[in-house]
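Because the structure is a prediction, the values reported are computed rather than measured.
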Amino acid sequence: MPFKRKSRGRSKGGKGSSSLVQCASCGSMVPRDKAKKNTRRVSFVEPQLAKELRQKGTYLSSWVDTKYYCISCAVHRGIVKVRAENERHTRYRRRR
Ligand SMILES: [Zn+2]
């Protein structure tokens with residue numbers, strides 16, 4: 001059977017089922033290997049203030065905020081984009 005994507009839209013390979021995670025946006029349960037993981041650094045200090053504090057030598061701790069999104073929410077938020085048909089068979093590259 002021809003596949004729309006090389007990975008069938010998932011990263012599980014040949015293994016069976018995988019655990020579920022909850023989409024951070026709509027709350028639906030999606031398989032962990034299918035969900036899109038979005039990690040970003042969060043800080044409670046405002047960027048302008050943080051810049052000034054850092055200049056004066058303050059150590060500002062920040063932590064990573066990891067969220068999982070289902071495919072439709074990831075597309076809606078621009079984490080992944082709809083790709084051309086011939087591009088879908090290649091591995092997804094992260095755009096920064
Ligand atoms: Zn969702």
A.B. asks: What residues, two or more places apart in sequence or in another chain, satisfy ring pair (Phe, Tyr, Trp, His ring centres under 6.0 Å) together with Tyr59?
C.D. replies: none
A.B. asks: In this structure, are over 12 heavy atoms from other groups packed under 6.0 Å from Lys6 atom NZ?
C.D. replies: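 Incorrect, the count does not exceed 12.
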A.B. asks: What pairs with Arg41 under side-chain hydrogen bond (donor to acceptor under 3.5 Å, both in side chains), at least two apart in sequence or on another chain?
C.D. replies: Ser62
A.B. asks: With sequence neighbours excluded, what pairs up with Arg77 under the side-chain hydrogen bond (donor to acceptor under 3.5 Å, both in side chains) test?
C.D. replies: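 Residues passing side-chain hydrogen bond (donor to acceptor under 3.5 Å, both in side chains) with Arg77: Tyr69.
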A.B. asks: Can you tell me how far apart CZ (Arg10) and CZ (Arg5) are? Round to the nearest 0.5 Å.
C.D. replies: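 Going from CZ on Arg10 over to CZ on Arg5, the span is 13.0 Å.
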A.B. asks: In a table with atom names and distances, give each donor-acceptor pair under 3.5 Å that connects a side chain of residues 42-58 to protein atoms at least two apart or in another chain.
C.D. replies:
unit_1 : atom_1 : unit_2 : atom_2 : d
Ser43  : OG     : Val45  : N      : 3.4
Thr58  : OG1    : Leu53  : O      : 2.9

A.B. asks: Going by the rule side chain to side chain contact (heavy atoms under 4.5 Å, CB included), which residues pair with Val75 if we only count those two or more places apart in sequence or in a different chain?
C.D. replies: Ile71, Val80, Val82
A.B. asks: Show me, pair by pair, the donor-acceptor contacts under 3.5 angstrom made by side chains of residues 15-25, not counting sequence neighbours?
C.D. replies:
unit_1 : atom_1 : unit_2 : atom_2 : d
Ser18  : OG     : Asp33  : OD2    : 2.3
Ser19  : OG     : Arg32  : NE     : 3.3
Gln22  : NE2    : Gly27  : O      : 3.1

A.B. asks: Determine, step by step, whether Val64 and Arg40 satisfy the side chain to side chain contact (heavy atoms under 4.5 Å, CB included) criterion, reporting the C-alpha distance in whole Å, the side-chain angles of both residues, the deciding distance to 0.1 Å, and the verdict.
C.D. replies: CA-CA 5 Å; Val64 282; Arg40 52 180 203 154; over 6 Å; no
A.B. asks: I need the minimum non-hydrogen distance between Ala74 and Lys36, along with the two atoms involved.
C.D. replies: CB-CG, 3.8 Å
